[in-house]
Number of protein chains: 2
Amino acid sequence: MSGARVTMRDVARAVGMSPMTVSRALRSDSSVSLETRTRIRAAADRLGYVYDGTAAAFRTRKSGFVALTLPSLNNANFAETYRGLSEAMAGSGMQLLLGATNYQVEKEEELVRQLLARNPEALVLTGGHHTAAMRDLVAARNLPLVEMWDLPEAPLGHAVGVSTEAAMALVVAHLVETGRRRFAFLGASEGTDRRGAARRAAVEAAARSHGLPQVAFIDAGPAPVSMRQGAARVAEIGREIADHDALICVSDPVAFGALSACARLGLDVPGDLAITGFGQFEVAEVAVPQITTVAVEAHRIGEEVAGLLDALLAGEAAPRRIEIAPRLVPGATSAQA
Amino acid sequence: MSGARVTMRDVARAVGMSPMTVSRALRSDSSVSLETRTRIRAAADRLGYVYDGTAAAFRTRKSGFVALTLPSLNNANFAETYRGLSEAMAGSGMQLLLGATNYQVEKEEELVRQLLARNPEALVLTGGHHTAAMRDLVAARNLPLVEMWDLPEAPLGHAVGVSTEAAMALVVAHLVETGRRRFAFLGASEGTDRRGAARRAAVEAAARSHGLPQVAFIDAGPAPVSMRQGAARVAEIGREIADHDALICVSDPVAFGALSACARLGLDVPGDLAITGFGQFEVAEVAVPQITTVAVEAHRIGEEVAGLLDALLAGEAAPRRIEIAPRLVPGATSAQA
DNA sequence: GCCTAAGATGTTATCGGTAACAAAAACTGT
DNA sequence: ACAGTTTTTGTTACCGATAACATCTTAGGC
């Protein structure tokens with residue numbers, strides 16, 4: 001049952017070979033004969049041997065960890081990026097060490113501290129905004145570093161992400177084409193969501209370049225904002241929301257909330273008001289009417305990050321910024337006015 | 001920058017003491033005199049010493065990890081449980097090591113192997129169904145083990161979860177009260193989703209006990225099934241779906257998909273058909289009409305698991321099973337017929 | 001046959017902390 | 001002042017895997 005743990009030595013004894021050979025065999029290494037290898041594998045299974053990564057990490061001074069921060073797990077896009085990353089890294093022997101920041105930069109700093117204590121071989125951060133202390137922390141380590149989703153002009157290390165400007169320009173252009181000009185942006189309170197703020201700024205810039213009037217800002221409360229907040233805020237405003245003719249929402253869940261509230265208010269979408277979201281969440285496609293959104297290849301972001309890491313860990317050169325092109329997915333919530 | 005790395009031995013030499021004393025001083029062991037401790041701390045700083053957690057983990061065989069498997073991150077309930085767990089464990093110095101199984105038991109086994117390689121001090125699994133090899137694997141380790149969400153009669157270790165029977169009985173009773181009798185269950189294909197299959201079985205049992213006719217099964221395809229699959233399947237069936245008078249969906253996202261499809265088909269919910277979901281996802285509350293669902297305190301499951309782990313890691317006794325009571329949240333999709 | 005190259009396996013010595021036990025130094029009360 | 005405690009420091013022996021180097025086979029060339 002319990003007893004002493006099974007080590008390579010035990011496996012070695014069982015097959016009458018040296019622990020070194022067992023080590024080589026289990027790491028699927030070249031120089032062990034096929035027969036020996038299968039014999040060792042079988043013995044290991046039989047004895048219930050489990051590889052001790054801690055010991056290996058200690059000896060080789062390689063933790064096998066890639067540390068990763070995400071704002072939240074409960075977000076289809078981040079979850080999908082995680083999947084892409086984890087699938088693409090499956091063969092590499094690296095393990096992901098995940099932490100959630102709940103959208104707070106201070107939390108991120110603390111989290112990164114904890115993650116660094118595990119001696120990760122690389123660090124992947126979501127977002128391009130960090131505390132100064134955090135930047136020092138990672139600079140001192142001199143680790144391969146990738147920021148994702150955002151696409152800073154000057155990344156701390158490398159970056160894989162979407163140009164917010166490009167993405168929001170698509171939305172604004174589309175709304176202009178379908179005849180809208182009085183825009184409002186629905187997102188989280190000032191200062192609580194950098195990514196959202198960047199989207200808003202990009203919308204404003206695009207609106208200016210189209211010669212549109214000032215874009216109104218509707219505050220849905222502190223981040224994270226989702227369906228509930230979107231719905232509540234629009235419900236609170238009531239039918240006056242239709243003084244605008246397009247409501248650009250910071251994300252699809254928020255857009256869905258707004259859409260629901262409109263339905264309850266008896267407003268016609270897109271007749272009285274166009275609504276757009278961001279992120280191509282499932283709810284945008286399934287909602288009635290289908291919500292206009294921007295698709296970002298979340299899974300591919302993960303894959304590209306994995307590719308970068310692969311190169312960086314192998315000491316190869318790698319592109320500093322990888323831009324993932326956003327794509328407009330026109331839905332029925334912004335059909336021709 | 002860096003030459004040879006600075007170890008405790010170097011620090012010890014610098015202050016003329018033994019490495020053991022340095023070790024104690026840096027861990028703020030009370031048995032080191034204050035003066036010695038400050039002297040050692042100063043020397044460590046001066047020399048640029050960095051504590052090697054890997055070495056400590058290796059020697060003490062305490063990794064400070066709690067390993068955790070989740071079927072998917074992209075699920076509000078699991079994400080919330082993760083949050084509950086991680087928040088409740090924040091002070092304990094333990095770190096969560098997460099892996100996603102994508103709802104496959106074979107994947108779970110492989111994943112658990114990887115996680116065990118990190119010498120976690122406890123293991124938390126989502127679900128109560130595992131491969132035999134996995135059960136052996138964890139039995140051999142003799143680790144504190146908690147299964148969550150499901151509530152097996154005989155847990156491998158401990159369990160925190162919801163009684164599926166109780167939950168689905170609430171739904172069935174509610175539908176009977178509001179005048180429905182011709183039930184259909186919409187969920188993933190046979191054999192691809194244990195948790196879903198259990199819900200279906202529970203619905204059938206409850207229906208029998210109410211003397212209702214056989215519950216029809218509508219196959220939404222292999223797990224995981226979500227909004228898209230629910231919508232597609234109902235769209236495919238068309239208006240005949242209303243031959244039933246209640247559609248019990250395996251989850252809220254599926255229910256929302258079904259609801260959308262009904263809207264597109266011009267069916268009146270709840271007039272032509274009642275719809276229920278499971279899990280109190282945000283979409284259930286925000287959808288129009290609001291979807292009847294079953295609330296499970298996902299965050300609390302995480303907290304309770306953390307409490308259990310706390311006790312188990314301290315070597316204290318702990319309850320074998322903790323049952324979280326489900327609660328019906330009646331929405332408009334099942335209003336009185 | 002003999003010799004060399006390539007292939008397969010073995011030996012030794014750690015990596016950097018810390019548990020367990022041992023001992024010296026500093027107190028305590030009588 | 002001395003035995004008994006308590007506090008502080010030291011010694012020894014690992015934890016389990018693997019890098020580096022050494023050794024033994026086997027195959028093939030001449």
Side-chain angles (χ1 to χ4, degrees), chain A residues 2-41 43-44 47-65 93 95 117-119 121, chain B residues 2-41 43-44 47-65 93 113-114 116-121 140-141 315:
Chain A
S2 57
R5 66 194 306 95
V6 182
T7 77
M8 282 190 181
R9 246 174 272 289
D10 301 313
V11 178
R13 198 160 9 217
V15 297
M17 310 210 94
S18 77
M20 193 65 237
T21 304
V22 174
S23 171
R24 286 194 265 250
L26 293 179
R27 279 176 298 155
S28 52
D29 275 1
S30 37
S31 70
V32 178
S33 74
L34 185 64
E35 192 239 318
T36 307
R37 197 178 319 173
T38 41
R39 216 152 48 90
I40 287 178
R41 289 261 168 81
L47 298 178
Y49 169 77
V50 180
Y51 183 78
D52 186 339
T54 307
F58 172 53
R59 172 66 237 236
T60 61
R61 313 216 47 77
K62 299 204 159 186
S63 65
F65 278 129
Q95 226 168 333
R118 299 291 181 175
N119 292 312
E121 296 179 45
Chain B
S2 61
R5 88 191 79 256
V6 182
T7 76
M8 282 188 180
R9 271 165 193 51
D10 301 313
V11 178
R13 199 159 9 216
V15 296
M17 309 210 93
S18 78
M20 193 65 237
T21 304
V22 174
S23 171
R24 289 194 264 247
L26 294 178
R27 280 177 297 154
S28 32
D29 186 315
S30 56
S31 77
V32 178
S33 74
L34 184 64
E35 192 241 317
T36 307
R37 197 179 319 173
T38 41
R39 216 151 50 89
I40 288 178
R41 288 260 169 83
L47 298 177
Y49 169 77
V50 180
Y51 183 79
D52 185 340
T54 308
F58 173 51
R59 171 64 237 234
T60 59
R61 309 218 51 74
K62 297 207 159 188
S63 61
F65 277 130
R113 267 212 157 71
Q114 283 178 24
L116 287 182
R118 299 293 181 173
N119 290 312
E121 297 179 44
R141 286 296 190 110

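Just so we're clear, the structure is a prediction, and the values are computed from it rather than from any experiment. Just so it is clear: chains get the letters A, B, ... in the order the sequence lines come, proteins before strands, and each one is counted from 1.
With rounding to whole Å, A/Asn119 atom CG is found 16 Å from C/dC15 atom P. For the pair A/Leu26 CG and D/dG16 P, the computed distance is 15 Å after rounding to whole Å. Regarding B/Asp52, its CG atom lies at a distance of 13 Å from the C1' atom of C/dT18, rounded to whole Å. Rounded to an integer number of Å, the gap from B/Arg13 CZ to D/dT9 P is 19 Å. For B/Met8 and D/dG10, the CE to C1' distance is 15 Å, given to the nearest whole Å. If you take NZ of A/Lys62 and C1' of D/dA17, they are 15 Å apart, rounded to a whole angstrom. The separation between A/Ile40 atom CD1 and D/dT18 atom P is 13 Å, rounded to whole Å. Counting to the nearest Å, the C1' atom of C/dA25 and the CD atom of B/Glu35 are 14 Å from each other.
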Run the numbers on A/Leu26 and A/Met8 for side chain to side chain contact (heavy atoms under 4.5 Å, CB included), then give the verdict.
CA-CA 9 Å; A/Leu26 293 179; A/Met8 282 190 181; 4.3 Å; yes

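Here the nucleotide nearest the side chain of B/Ala55, chosen from D/dG10, D/dT18, C/dG16, is C/dG16.
Contact annotation: B/Arg27 side-chain N/O to C/dT18 OP1/OP2 distance is under 4.0 Å. For A/Thr36, no side-chain nitrogen or oxygen approaches OP1 or OP2 of C/dA8 to under 4.0 Å. Look at A/Ser33 and you'll find a side-chain N or O under 4.0 angstrom from OP1 or OP2 of C/dT9. Side-chain nitrogen and oxygen atoms of B/Ser23 include none within less than 4.0 Å of the OP1 or OP2 phosphate oxygen of C/dG17. In this model, the phosphate group of D/dT18 is approached by a side-chain N or O of A/Tyr51 to a distance below 4.0 Å at OP1 or OP2.
Toward the 5' end of DNA chain D, the nearer of the two residues B/Arg59 and A/Pro19, judged by each one's closest nucleotide, is B/Arg59. Summary of the strand contacts: A/Arg9 and B/Thr21 both lie near DNA chain D, and taking for each the nucleotide with the nearest heavy atom, the more 5' one is attributed to B/Thr21.
Contact annotation for A/Ser18: base contact, defined as any heavy-atom pair under 4.0 Å involving a base atom. Contact annotation for A/Thr54: no contact, since no heavy-atom pair falls under 4.0 Å across all strands. Residue contacts shown for A/Met20 include a base, since a base heavy atom lies under 4.0 Å away. Using a 4.0 Å heavy-atom distance criterion, B/Arg61 is classed as a sugar-phosphate-only contact.
Taking 4.5 Å as the limit, some side-chain heavy atom of A/Val11 sits within range of a side-chain heavy atom of A/Ile40.
Side chain of A/Thr36 to backbone of A/Val32: no donor-acceptor contact under 3.5 angstrom is found.
No side-chain donor from either of B/Ser33 and B/Arg37 sits under 3.5 Å from a side-chain acceptor of the other.
Contact of B/Arg24 with C/dT18 (side chain to base): no donor-acceptor pair of N or O atoms is detected under 3.5 Å.
Figure legend: B/Arg113 and A/Tyr51 shown without cation-pi pairing, the cationic atom not lying both under 6.0 angstrom from the six-membered ring centre and within 45 degrees of its axis.
Between A/Phe58 and D/dC15, no base-stacking contact is recorded for ring centres under 5.5 Å apart and planes less than 30° from parallel.
With respect to the salt-bridge test (charged N to carboxylate O, under 4.0 angstrom), the residues B/Asp52 and B/Arg59 do not qualify.
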